[in-house]
Amino acid sequence: AMKLFDAAVAWASGIEPLPPKTSARIAWISFHPADGTPSTAAAGAGFTRAVDVAYTDQLRADGHDVTRILTSGTPDAALLNAFDLVIISRSVPSGDYQNPPETAAWNGITAPTLILGGYVLRNSRLGFTTGGTMVDTIGPVKLTVNNPTHPVFAGIPLDAAMTMLNPYADRVSHNGTVQQGISVNTDPLAGDGTVLATSGTAEDPTVGGTVIAEWAAGATLANPAGDTLGGRRLVLLTGSREMGITAEAAGIYDLSEDGAKLFRNAVHYMAGTVPGMARPALSFARTATGLSITFTGTLQSADVVTGAWVDVPGGTSPFAAVSDQSGRFYRARQ
């Protein structure tokens, strides 16, 4: 009798190591309760979906499980710490991240956390910077990278000065009104934060300001309470500042192609996942002489399920396996 196994059988049997984790459970903190439900004020400004929905669309397209959670000054630590990653959208009110009980709660989260907005970082709020200076980008910007070997910058082309060859982000419009750019705090970092990339467009007023940075768990921050971080933090500034509309319309997606890649890299880095690969496909149909095996990848066979596995000679899809032998096992490998 002929038997057919794909790679998942070997993984489930413990014969081979499990594949790396490619997706994460992500808590997305925002004004907006669902992808298709903007806040009341944002709906009044003409939004029919969440202002920041393009980010959660991208995360879901990448295979992540995203749960939207309404921003609050009293976050549920037990709930958030159960996620692989917490992301604080640009589309949140600074007031939820300002008073000592609020800052202690947010900074005490032990789950890895990615922060997209600059206003919540100021020394009067969460305390990631030593001051409160905020400057907005005025056009397309590129980033200058301090450590090109960092996983966040994988696959990003840089010039000799370690500046991106392609834009990171640009200003966006809503209903014909150009919104403000990315809000960048140009003050030094607190808590021994590590600057990973700065605004690198010479003619932009944010040049030299930190756009991507990270902090270790246990760092002491510069807010009035001197909070201590409960877990790792990464800041990656992205999302528009509102112009002529409600503040709940801040955080419109503004990333270029390479900016989107940086965002994806940042999510994988913080969540401990890797970009997904297409799984090999394997199916069969009985024929008069045996089986017709349709597959992607490389077809392999073995006399027993524990191997040794060898590539099937002439193994192009569909492959005709003739039932003129004792039991044999087949699998597809990427």
Side-chain angles (χ1 to χ4, degrees), residues 24 26-29 55 71 73 75 77 80-90 92 94 96-135 143-154 168 182-199 206 208-239 259 262-273:
I26 297 174
W28 182 268
I29 313 300
Y55 295 95
T71 179
L80 295 179
N81 288 336
F83 284 88
D84 298 316
L85 177 64
V86 175
I87 302 180
I88 301 176
S89 171
R90 173 65 174 87
V92 295
S94 296
D96 284 352
Y97 306 82
Q98 181 165 298
N99 297 322
E102 297 165 350
T103 65
W106 282 110
N107 287 328
I109 298 298
T110 57
T113 301
L114 176 60
I115 303 173
L116 306 186
Y119 275 92
V120 302
L121 302 175
R122 292 185 290 177
N123 62 332
S124 60
R125 293 184 171 134
L126 293 180
F128 285 83
T129 60
T130 59
T133 307
M134 301 300 299
V135 185
L143 303 185
T144 298
V145 174
N146 288 349
N147 179 8
T149 64
H150 193 285
V152 168
F153 306 110
Y168 168 70
I182 297 172
S183 300
V184 178
N185 189 310
T186 55
D187 294 308
L189 302 185
D192 294 322
T194 300
V195 177
L196 299 178
T198 58
S199 177
T206 65
T210 299
V211 177
I212 306 178
E214 65 179 330
W215 286 257
T220 300
L221 302 177
N223 56 3
D227 293 336
T228 299
L229 285 179
R232 298 165 54 226
R233 299 292 187 267
L234 182 75
V235 164
L236 185 145
L237 299 182
T238 173
L262 282 169
F263 176 62
R264 288 188 175 97
N265 289 347
V267 168
H268 285 301
Y269 171 67
M270 292 299 286
T273 55

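Keep in mind that what you see is a predicted model, and the values were worked out from it rather than measured.
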Check whether any side-chain heavy atom of [X] lies under 4.5 Å from a side-chain heavy atom of [Y], and answer yes or no.
{"X": "Trp215", "Y": "Val235", "answer": "yes"}
{"X": "Leu121", "Y": "Leu237", "answer": "yes"}
{"X": "Ile109", "Y": "Phe83", "answer": "no"}

Sub-3.5 Å donor-acceptor pair from the side chain of [X] to the main-chain atoms of [Y], do we have one?
{"X": "Ser183", "Y": "Gly118", "answer": "no"}
{"X": "Asn146", "Y": "Val195", "answer": "yes"}
{"X": "Thr186", "Y": "Val184", "answer": "no"}
{"X": "Trp106", "Y": "Gln98", "answer": "no"}
{"X": "Asn123", "Y": "Ala222", "answer": "no"}
{"X": "Asn185", "Y": "Gly131", "answer": "yes"}

Report the distance from atom [atom1] of [X] to atom [atom2] of [Y], rounding to the nearest 0.5 Å.
{"X": "Leu189", "Y": "Phe128", "atom1": "CG", "atom2": "CZ", "value": "10.0 Å"}
{"X": "His150", "Y": "Leu234", "atom1": "NE2", "atom2": "CG", "value": "7.0 Å"}
{"X": "Thr206", "Y": "Met134", "atom1": "OG1", "atom2": "CE", "value": "10.5 Å"}

Closest approach of Leu143 to Ser199 (non-hydrogen atoms, all atoms of both residues):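 So the two residues come closest at CD2-CA, 4.2 Å.
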Check whether the side chains of Asp187 and Thr133 place a donor and an acceptor atom closer than 3.5 Å, and report yes or no.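 Their side chains do contain a donor-acceptor pair, which is all the 3.5 Å distance test asks for.
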Which label fits Tyr55 and Phe263: parallel for a plane angle under 30°, tilted from 30 to 60°, or perpendicular past 60°?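 Tyr55 and Phe263: perpendicular rings.
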With Tyr97, which of Thr71, Asn223, Asn107 fulfils side-chain hydrogen bond (donor to acceptor under 3.5 Å, both in side chains)?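 Option passing the side-chain hydrogen bond (donor to acceptor under 3.5 Å, both in side chains) with Tyr97: Thr71.
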